[in-house]
Number of protein chains: 2
Amino acid sequence: MVEKINLEPPAVIRNRPKIQDVARVAGVSTATVSRTLSKPEAVSKATRDMVLEAVQATGYRADHAARNLRRRRSGAIVVLVPNLGNPFFSQILAAIENTMSAAGYSVLIADTMQPQFRKQQILEHLHNNSADGMIVLDGSMAEEFLRSETAGIAASPVVFACEWTDKLRYPSVRIDNHSGAAMAVRHLIDLGHCKIGHIAGPAHNVLTTARREGFKAELKASGLKIRSEWDFDGDFSIEAGIQAAQSWFDLDNRPTAMFCASDEIAFGFISELNSRGIRVPDDVSVVGFDDIDIARHFIPPLTTIHQPRNDMGEMAARKLLANILGVASADQQDKLLLPVELIVRKSTAAPK
Amino acid sequence: MVEKINLEPPAVIRNRPKIQDVARVAGVSTATVSRTLSKPEAVSKATRDMVLEAVQATGYRADHAARNLRRRRSGAIVVLVPNLGNPFFSQILAAIENTMSAAGYSVLIADTMQPQFRKQQILEHLHNNSADGMIVLDGSMAEEFLRSETAGIAASPVVFACEWTDKLRYPSVRIDNHSGAAMAVRHLIDLGHCKIGHIAGPAHNVLTTARREGFKAELKASGLKIRSEWDFDGDFSIEAGIQAAQSWFDLDNRPTAMFCASDEIAFGFISELNSRGIRVPDDVSVVGFDDIDIARHFIPPLTTIHQPRNDMGEMAARKLLANILGVASADQQDKLLLPVELIVRKSTAAPK
DNA sequence: CAAGCCGGTGTAATCGATTACAAATCGCTA
DNA sequence: TAGCGATTTGTAATCGATTACACCGGCTTG
């Protein structure tokens with residue numbers, strides 16, 4: 001007799017309370033509990049209070065897997081980042097995270113610096129319901145998207161940010177790279193430079209192309225000669241700046257000013273020249289691109305093109321949200337071009 | 001008669017194929033399809049081939065929400081990052097992401113620079129099955145954990161990394177901050193400095209305390225005086241370095257060397273002094289802490305304490321995985337202390 | 001030749017919440 | 001007071017995959 005009590009299943013001491021438990025405690029149906037939690041106005045005050053009390057008492061938390069299954073959504077998005085370690089991207093990421101989490105979405109990150117087979121795998125997120133959308137900061141992922149499209153896989157909400165692609169019709173948020181580059185060159189010309197060089201980003205990158213073209217266009221507009229030996233290939237890294245500095249150093253006829261496709265390039269360039277006794281801006285002027293945090297505090301403080309990183313992340317997130325929610329894209333431009341700004345600091349001066 | 005054909009539901013042209021569709025096409029049961037995909041060795045080669053073919057034909061992708069619901073797991077973890085924009089953290093994050101994604105887990109990010117009510121909300125991930133575990137890079141989140149523990153919420157796998165807390169029994173991965181600081185000071189003493197100051201991190205932070213104590217301990221061990229007016233409060237930012245530079249500048253009796261609790265502090269300090277005509281290392285030596293990427297290329301290249309960021313992220317991820325999978329923690333130390341390294345560059349020299 | 005075992009497969013219960021639909025209740029008017 | 005609509009609540013189907021259990025045939029073994 002006495003043992004029988006112990007044989008009863010410990011109904012109250014379940015591991016994790018489920019909606020059934022709350023319903024039982026509150027003396028209502030599971031439907032009512034669910035409604036109380038998702039649209040409280042559909043439930044009378046009296047029962048609402050009872051339910052909320054029962055939720056408190058049981059410590060109930062709705063299981064997201066179950067909810068997502070039924071609602072046919074995941075409540076998460078993926079951000080594809082090339083090189084997470086780069087502060088430029090992580091700040092955009094921060095803005096995206098803020099905007100999305102305020103809207104009730106979680107943010108999954110995926111680093112695209114991965115072997116090829118993993119890159120392809122990343123897109124699975126969109127096909128298996130583990131994400132409702134994707135923000136792509138890596139233009140080179142366009143190929144992967146193309147491949148999956150030709151594989152007949154349905155399109156999901158995708159927004160490109162920073163980088164973009166013309167091969168696909170996805171919306172994008174980006175800055176005006178062309179005029180940014182032009183502004184940088186204009187500034188150097190205004191200072192009196194006429195021997196102006198360029199250190200470019202990685203080959204086959206849309207940003208590299210846009211900035212290089214802006215650079216050339218402004219030179220041409222001012223009637224200055226474009227000399228290919230002053231136009232260095234690189235990537236966006238510090239190392240590329242160092243490489244370019246060596247090449248620059250070896251030139252017989254050196255440009256007196258350099259426009260770098262990124263701040264990091266500029267840092268590497270200045271740092272390497274500095275160790276060889278060349279001074280910036282005394283011996284050569286340098287303009288960067290991006291305006292990352294340290295730019296302001298580098299020695300010398302770097303003249304650069306400011307990108308509104310926060311705005312860019314936020315706009316990308318908003319656009320993605322609008323696409324996910326199916327808001328009419330009438331007022332949503334497909335290409336959002338954000339303005340840039342020239343920040344003049346101490347790394348540029350008139351030529352000697 | 002003819003219309004009747006059109007009234008048939010277009011069974012083949014479903015929106016998204018489900019396991020039922022694959023089963024029908026392959027002529028087997030859903031159980032067999034599931035088994036083929038999750039443990040192929042339990043299925044005969046003949047049927048396996050049929051199923052895989054059907055998967056190809058239909059373009060089937062297992063729905064994660066459904067799988068997670070049944071498997072009672074989410075396949076994702078959360079990383080709590082204070083200030084995502086900080087490159088120091090984003091590099092650790094990159095290492096975590098690599099390790100976790102290789103293990104088949106997704107990584108959710110959450111920025112803890114949020115209003116209080118959102119901080120509390122972050123822990124919900126662990127309570128509603130939207131994450132299987134959590135890596136915490138923000139020691140100050142310990143309070144939220146405490147609060148949720150006293151609220152009787154079951155503990156989930158959690159690992160602290162970089163920062164930690166002694167109030168809770170969670171495992172942690174961290175560097176040896178105390179000896180890092182001591183090494184920095186030792187280096188300065190070896191160069192001949194005896195007036196050594198410190199710029200600290202934010203108050204109430206474990207790293208601040210550990211590094212400050214390492215700093216003081218080494219001074220004391222060498223019989224040098226500890227002067228409180230040479231010990232500046234701050235945080236880990238560039239701004240803090242600038243502030244400290246102003247205070248340093250105003251001193252009558254200035255230290256000839258400064259140990260900074262972060263590289264960013266050092267940058268701000270050097271940058272501000274530079275604009276006031278004070279040279280590093282000629283007039284004052286500076287040691288940083290962290291060895292972030294730009295440290296090597298700053299002007300002057302920064303002498304600093306190197307943190308193995310990649311190892312730290314990877315170890316934290318591994319430890320979390322072990323906890324999630326329930327691997328015996330016998331060989332798993334609760335506190336993993338990673339070694340640091342002094343990197344001597346050009347920002348330190350013998351005093352004049 | 002019967003019993004037992006094993007690899008391979010199908011049936012159906014299950015994970016936990018949401019929600020369409022039905023039913024009950026209440027108030028108010030004709 | 002009957003009847004109608006509005007409000008509130010409950011019942012049960014549903015989301016889609018996983019997996020416990022049962023079953024079946026074939027092979028080994030005593």
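Chain letters run A, B, ... following the sequence lines, proteins first, then strands; residues in each count from 1. Basis for what follows: all heavy atoms, side chains included, without hydrogens, waters or symmetry-related copies.
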Could you give the [atom1]-to-[atom2] distance, from [X] to [N], as a whole number of Å?
X	N	atom1	atom2	value
His127(A)	dA17(D)	NE2	C1'	19 Å
Arg24(B)	dG10(C)	CZ	P	15 Å
Asp63(B)	dT14(C)	CG	P	21 Å
Arg48(A)	dT8(D)	CZ	P	9 Å
Arg73(A)	dT18(C)	CZ	P	11 Å

- [ ] Remember a base hit wins even if backbone is also touched, and classify Val33(A) as base, sugar-phosphate or nothing at under 4.0 Å, heavy atoms.
- [x]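 No contact.
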- [ ] Indicate, with a heavy-atom threshold strictly under 4.0 Å, whether Val28(A) touches base, sugar-phosphate, or nothing.
- [x]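 Sugar-phosphate only.
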Side chain of [X] only, please: which of [options] is the nearest?
X	options	answer
Ile19(B)	dA17(D), dA17(C), dT11(C)	dA17(D)
Thr32(A)	dG10(C), dA17(C), dG10(D)	dG10(D)
Ala31(B)	dA17(D), dG10(C), dG16(C)	dG10(C)
Arg67(B)	dT18(D), dA13(D), dA20(C)	dT18(D)
Arg70(B)	dA17(C), dT18(C), dC15(C)	dC15(C)

- [ ] Please work out which of the three classes, parallel, tilted or perpendicular, describes the rings of Tyr170(A) and Phe160(A), given edges at 30° and 60°.
- [x] parallel
Task: Asp21(B) versus Thr58(B), side-chain donor and acceptor atoms under 3.5 Å - done: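 Distance-only check fails for Thr58(B) and Asp21(B).
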Task: 5' priority, DNA chain C, between Tyr60(A) and Ala42(B) [closest heavy atom] - done: Ala42(B)
- [ ] Could you check Thr30(B) against Leu69(B) and say which one's nearest nucleotide on DNA chain C is further toward the 5' end?
- [x] Thr30(B)
Within the structure, does a side-chain N or O atom of [X] lie under 4.0 Å from either OP1 or OP2 of [N]?
X	N	answer
Arg35(A)	dA17(C)	no
Arg72(A)	dG16(D)	yes
Thr47(B)	dT9(C)	yes
Ser44(B)	dT9(C)	yes

Open item on the list: Is it the case that over 12 heavy atoms from other parts of the model lie below 6.0 angstrom from the CE atom of Met315(A)?
Closed with: no
Task: Stepwise side chain to side chain contact (heavy atoms under 4.5 Å, CB included) test for Met134(B) and Leu123(B) - done: CA-CA 9 Å; Met134(B) 195 175 271; Leu123(B) 298 199; 4.0 Å; yes
- [ ] Before accepting this row, confirm whether a basic side-chain N of the pair Asp49(B)/Lys45(B) lies closer than 4.0 Å to the acidic partner's carboxylate O.
- [x] yes
